[in-house]
Amino acid sequence: MAHNGTSYQDEYQRSIDDPEGFWLEAAQALDWVVAPQQAHSDVDAPLSRWFPDGEMNTSYNALDRHVAAGRGDQIALIHDSAMRETITRYTYNELLAAVASFAGVLRAQGVGKGDRVIIYLPMIPEAAIAMLAAARLGAIHSVVFGGFAASELAMRIKDAAPKVIITTSGGLEPNRKVEYLPTVREALEKAGVPALPVVIKHRDGFATQPADLGFNAVDWDTALAAAVPAAPVTLKSTDPLYVLYTSGTTGTPKGVVRDNGGHAVALLWTMANLYDIHAGDIWWTASDVGWVVGHSYIVYGPLLAGATTLMYEGKPVGTPDAGAFWRVIAEHGVKALFTAPTAIRAIRKMDPEAVLLKKYSLGTLQTLFTAGERLDSDTYHWASRVLEVPVVDHWWQTETGWGIVGNPRGLDPLPIKAGSPTLPMPGYQLEIVDGMGVPVGAGEEGNIVLRLPLPPGTLTTLWGDDQRFVDSYLSAFTGYYATGDSGYVDQDGYVFVMGRTDDVINVAGHRLSTGAIEQVVGKHPAVAECAVIGVADVLKGQKAVGYIVLKSGVSITQEQLQLELVALVRKEIGPVADFRKAIIVDALPKTRSGKILRKTMRQIADGNDYVVPSTIEDGSVIEALIPFLRG
Ligand code: COA
Ligand code: AMP
């Protein structure tokens with residue numbers, strides 16, 4: 001452990017007592033065109049601005065800076081495809097050349113500072129190259145996860161109004177090939193921009209060719225070969241770097257906006273202090289570039305740190321077996337792995353005694369980090385036992401971009417308590433409050449809120465909608481950001497995160513909105529009304545289950561309805577929703593004002609104690625529903 005002898009308590013306290021000094025010092029780890037003299041500004045309050053007088057470029061800091069420092073021949077990115085059984089390596093020199101050239105391709109398409117670029121790519125190096133190329137020009141990228149269907153892509157195209165879309169022939173799932181081009185075609189039509197330029201990275205083995213669908217197509221390879229490399233554009237620290245859409249409580253996703261300077265400073269701080277990863281170390285985040293974890297810790301964090309980032313195209317199991325993660329760690333000498341608990345549960349289910357682990361030497365591995373969902377005690381103990389390294393949970397959200405609560409392994413390590421992601425990270429002032437905003441005592445569960453301002457790297461607003469940002473996060477508790485999670489703090493200050501207080505669910509580490517699924521289910525002609533809730537699942541953490549009231553006079557079997565609804569959700573939201581269960585019921589429990597009692601339903605389905613509000617319209621409805629919820 002290469003921690004620097006600094007205690008967590010000292011660092012945390014300094015960040016609270018002297019945030020200006022703390023973050024200006026952290027900012028010195030970057031190269032600035034104009035070094036900031038001020039850390040935080042609330043001139044646009046309630047919106048926060050970090051390093052308002054600083055100027056820099058994130059892509060420069062992730063690539064050129066390391067080449068200039070003599071690390072050009074070091075490996076920057078390893079792409080390990082378990083799907084194709086290939087390994088490709090890029091040095092910092094090579095990655096910089098590819099990014100500069102692709103930035104030239106984008107520039108030739110008229111993309112410049114402030115323009116949006118949608119990236120719809122699977123786990124291939126071109127995803128990172130496209131992101132860094134956009135960042136080089138000061139264009140704002142928005143990556144869309146490959147498991148989303150055309151309607152979801154269309155929604156993001158409409159909201160972001162991009163100049164260009166970047167995609168590929170397809171993605172690879174263990175049981176099928178995912179053709180991307182028909183989805184992009186449909187999304188462009190739905191968004192009303194059929195002639196938008198589409199840059200297409202050709203991949204062998206897919207059926208659809210660009211010409212089949214009449215795209216305004218630019219072939220990635222041809223354009224790259226002819227491109228004039230582009231230099232990094234000097235940006236204000238506060239200029240947006242990306243927009244990442246995430247599920248809220250409604251069907252309309254929220255476009256989380258991230259700035260350049262605050263983001264780079266915060267991520268660089270975390271690489272050294274939270275993850276103990278430094279220049280030259282080999283770091284692997286097994287997630288997807290379409291999620292925030294992929295943005296922060298497959299692409300930006302490790303490259304800002306001058307580390308080697310491993311990008312893995314495959315699954316924890318079935319590609320080819322439950323030893324895949326161990327093979328990758330051993331083959332590439334990975335120092336730390338970051339993944340979601342669901343991936344570890346999937347491995348454990350297939351190989352409970354970790355027999356496959358014995359085939360590999362994992363001597364380089366120092367830490368397993370998990371996030372995305374709660375690390376349950378069973379999984380924590382199992383992983384600790386078989387890997388014999390610290391297993392470190394940390395809690396965060398798309399909105400924050402980095403850990404709110406964690407156990408910083410680059411500082412003097414803190415004791416780990418199973419079930420807790422440990423303590424608040426620098427800059428985060430965390431409190432637990434009741435529904436009225438009144439702080440509760442140690443051990444008492446309540447809403448987890450963060451006192452404003454949030455630290456650098458956290459969202460600056462929602463794309464094109466400052467008011468929705470304020471309404472969604474800043475209005476419930478004056479002076480605080482509402483995380484949407486509930487939890488408690490124990491006597492030692494350790495935070496325990498218990499779950500969401502809204503309609504957001506987490507399926508296999510993927511964040512989804514039950515409201516969005518309800519909207520789709522409600523479109524079926526047989527459905528009068530429905531409630532979709534997240535029910536606890538041993539493998540995936542949660543699963544979406546629909547309870548359906550049929551329109552009167554409709555005759556359809558349970559099996560047929562389920563079949564049709566599953567297909568509908570898959571078509572409208574995507575396979576990632578993993579919606580498989582729809583149950584016909586006579587009625588849904590409601591309050592007298594007509595609000596469906598989803599929370600009570602969830603509590604019953606999970607076998608927990610439940611509270612029936614006194615405002616319930618008809619108590620017998622909930623009684624009648626219990627067997628369906630528990631079944
Ligand atoms: N493109 C297209 N389809 C995708 C996809 C993608 N990028 N990712 C997932 N899907 C599909 C899957 O193929 C599956 O389709 P199917 O119904 O035809 O089988 C469906 O979406 C559900 O996928 P998932 O929930 O991921 O289940 P799975 O059984 O394929 O895999 C795990 C289960 C646990 C192995 C996998 O979810 C996993 O590795 N999770 C880690 C999640 C993660 O990294 N989260 C980020 C936060 S750290
Ligand atoms: P996402 O925006 O996809 O990262 O999802 C964020 C949500 O996932 C949080 O609000 C939590 O509900 C949940 N989550 C993420 N990490 C953890 C964790 N370590 N422990 C508990 N819940 C988590």
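Indexing begins at 1, ligand by ligand and atom by atom, following the structure's order. Every heavy atom of this structure was used, including side-chain atoms; hydrogens, water molecules and symmetry mates were not.
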query = In the protein, which heavy atom is nearest to atom 45 (N) of ligand 1, and how far is it?
reply = G509 O, 3.6 Å
ask   = Given that the side chain starts at C-beta and the backbone is N, CA, C, O, which of these parts of D393 lies under 4.0 Å from ligand 2, counting heavy atoms, or is it both or neither?
value = side chain
inquiry  = If I apply the N/O under 3.5 Å rule, does E399 come out as touching ligand 2?
reply    = no
task = Looking only at distances, please establish whether an N/O atom of ligand 1 is found under 3.5 Å from an N/O atom of W291.
result = no
Pair R203-T168, side-chain donor/acceptor within less than 3.5 Å = no
ask   = What protein heavy atom sits nearest atom 34 (C) of ligand 1, and how far off is it?
value = T342 OG1, 3.5 Å
task = Using distance alone, decide if ligand 2 has a nitrogen or oxygen within less than 3.5 Å of any nitrogen or oxygen in T246.
result = no
ask   = When you measure from atom 6 (C) of ligand 2 to every protein heavy atom, which one gives the shortest distance, and what is it?
value = W396 O, 3.6 Å
message = In the complex you have, is atom 16 (P) of ligand 1 within reach of the protein, judged by whether a heavy-atom distance drops under 4.0 Å?
response = yes
ask   = So, E173 and K315, do they make that salt bridge, N to O below 4.0 Å?
value = yes
task = Within a distance under 4.0 Å of any heavy atom of V576, pick out the atoms of ligand 1 and give their elements.
result = 21 (O)
key: Contact (N/O only, under 3.5 Å) between Y180 and ligand 1   = no
note = ring pair (Phe, Tyr, Trp, His ring centres under 6.0 Å) with Y428: of Y481, Y480, W402, W395, only one passes, and it is W402
Nearest neighbour in protein (non-hydrogen) for atom 10 (O) of ligand 2 = D485 OD2, 2.5 Å
inquiry  = For the 3.5 Å polar cut-off, considering only N or O atoms, please tell me whether K540 and ligand 1 meet it.
reply    = yes
task = Determine whether any heavy atom of N175 lies closer than 4.0 Å to an atom of ligand 1.
result = yes
ask   = Can you check ring pair (Phe, Tyr, Trp, His ring centres under 6.0 Å) on H394 and Y275, steps first, answer last?
value = CA-CA 11 Å; H394 57 318; Y275 301 112; 5.4 Å; yes
Spatial distance of atom OG1 (T183) from atom NZ (K190) [nearest 0.5 Å] = 10.0 Å
Under-4.0 Å heavy-atom contact between protein and atom 9 (C) of ligand 1 = yes
ask   = Is R327 salt-bridged to D80, cutoff N-O under 4.0 Å?
value = yes
key: Pairing of E313 and R84 as salt bridge, 4.0 angstrom limit   = no
inquiry  = Heavy-atom contact check, 4.0 Å cutoff: does R176 meet ligand 1?
reply    = yes
key: Passing option when H295 is tested against W396, F145, Y242 for ring pair (Phe, Tyr, Trp, His ring centres under 6.0 Å)   = Y242
ask   = Which of these, W326, F338, F325, sits in a ring pair (Phe, Tyr, Trp, His ring centres under 6.0 Å) with W284?
value = F325
message = Quick check on R570 - does any of its heavy atoms sit under 4.0 Å from an atom of ligand 1?
response = yes
inquiry  = Show me which atoms of ligand 1 lie under 4.0 Å from any heavy atom of A286.
reply    = 44 (O)
query = What are the atoms of ligand 2, with element, lying closer than 4.0 Å to any heavy atom of V497?
reply = 21 (C), 22 (N)
query = Do Y380 and D393 meet the criterion of a side-chain donor-acceptor pair at a distance under 3.5 Å?
reply = no
ask   = Starting from atom 1 (P) of ligand 2, which protein heavy atom do you reach first, and at what distance in Å?
value = T398 OG1, 3.5 Å
ask   = Can an N or O of R580 be found at a distance shorter than 3.5 Å from an N or O of ligand 1?
value = yes
ask   = Any idea which part of N506 is under 4.0 Å from ligand 2, heavy-atom wise: side chain, backbone, both or neither?
value = side chain
ask   = What's the spacing between I404 CD1 and L450 CG if we round to 0.5 Å?
value = 5.5 Å
note = atom 26 (O) of ligand 1 has as its nearest protein heavy atom H510 NE2, 3.3 Å
Shortest protein contact, atom 42 (C) of ligand 1 (heavy atom only) = A508 O, 3.1 Å
message = If you apply the rule side chain to side chain contact (heavy atoms under 4.5 Å, CB included), what do you find for D276 with T367, and how did you get there?
response = CA-CA 9 Å; D276 192 23; T367 322; over 6 Å; no
query = Where do T398 and V256 come nearest, in terms of heavy atoms and distance?
reply = O-CG1, 3.9 Å
ask   = If you measure from each non-hydrogen atom of H510 to ligand 2, which part falls under 4.0 Å: side chain, backbone, both or neither?
value = neither
query = Looking only at protein heavy atoms, which one is nearest to atom 5 (C) of ligand 1, and how far off is it?
reply = E173 OE2, 3.4 Å
query = Mind checking whether F338 has a heavy atom under 4.0 Å from ligand 1?
reply = no
task = Dump the intermediate steps for side chain to side chain contact (heavy atoms under 4.5 Å, CB included) on F369 and Y297, then the final yes or no.
result = CA-CA 11 Å; F369 294 96; Y297 294 115; over 6 Å; no
ask   = Thinking salt bridges, do D578 and R580 make one under a 4.0 Å N-O criterion?
value = yes
message = With rounding to the nearest 0.5 angstrom, report the OG1 to CD distance, T514 to Q519.
response = 10.5 Å
query = What's the spacing between I517 CD1 and S247 OG if we round to 0.5 Å?
reply = 8.5 Å
query = Relative to the heavy atoms of P316, which atoms of ligand 1 are at a distance of less than 4.0 Å?
reply = 35 (C), 39 (O)
query = Can you tell me if G372 has a non-hydrogen atom under 4.0 Å from ligand 2?
reply = yes
ask   = Are Y312 and T319 close enough that a side-chain donor and a side-chain acceptor fall under 3.5 Å?
value = yes
inquiry  = Using a 4.0 Å heavy-atom cut-off, which part of R500 comes near ligand 2: side chain, backbone, both, or neither?
reply    = side chain
query = Against heavy atoms of K315, which atoms of ligand 1 measure under 4.0 Å?
reply = 8 (N), 9 (C), 30 (O)
inquiry  = Just to confirm my output: which protein heavy-atom neighbour is closest to atom 5 (O) of ligand 2, and how far is it?
reply    = R511 CD, 3.5 Å
inquiry  = Taking atom NZ as the centre, does K417 end up with more than 12 heavy-atom neighbours from other residues, nucleotides or ligands that are less than 6.0 angstrom away?
reply    = yes
request  = Considering the heavy atoms of S287, write down every atom of ligand 1 situated less than 4.0 Å from one of them.
outcome  = 44 (O), 46 (C), 47 (C), 48 (S)
task = Distance to 0.1 Å, residue and atom name: give those for the protein heavy atom nearest to atom 20 (C) of ligand 1.
result = P575 O, 3.3 Å
query = Around atom CE of M350, are there more than 12 heavy atoms of other residues, nucleotides or ligands at under 6.0 Å?
reply = no
query = For atom 36 (C) of ligand 1, is the nearest protein heavy atom under 4.0 Å away?
reply = no
request  = Any atoms of ligand 2 less than 4.0 Å from a non-hydrogen atom of E373? List them with their elements.
outcome  = 14 (N), 15 (C), 16 (N), 17 (C), 18 (C), 19 (N), 20 (N), 21 (C), 22 (N), 23 (C)
task = Measure W291 to ligand 2 on non-hydrogen atoms and call it side chain, backbone, both or neither using the 4.0 Å cut-off.
result = neither
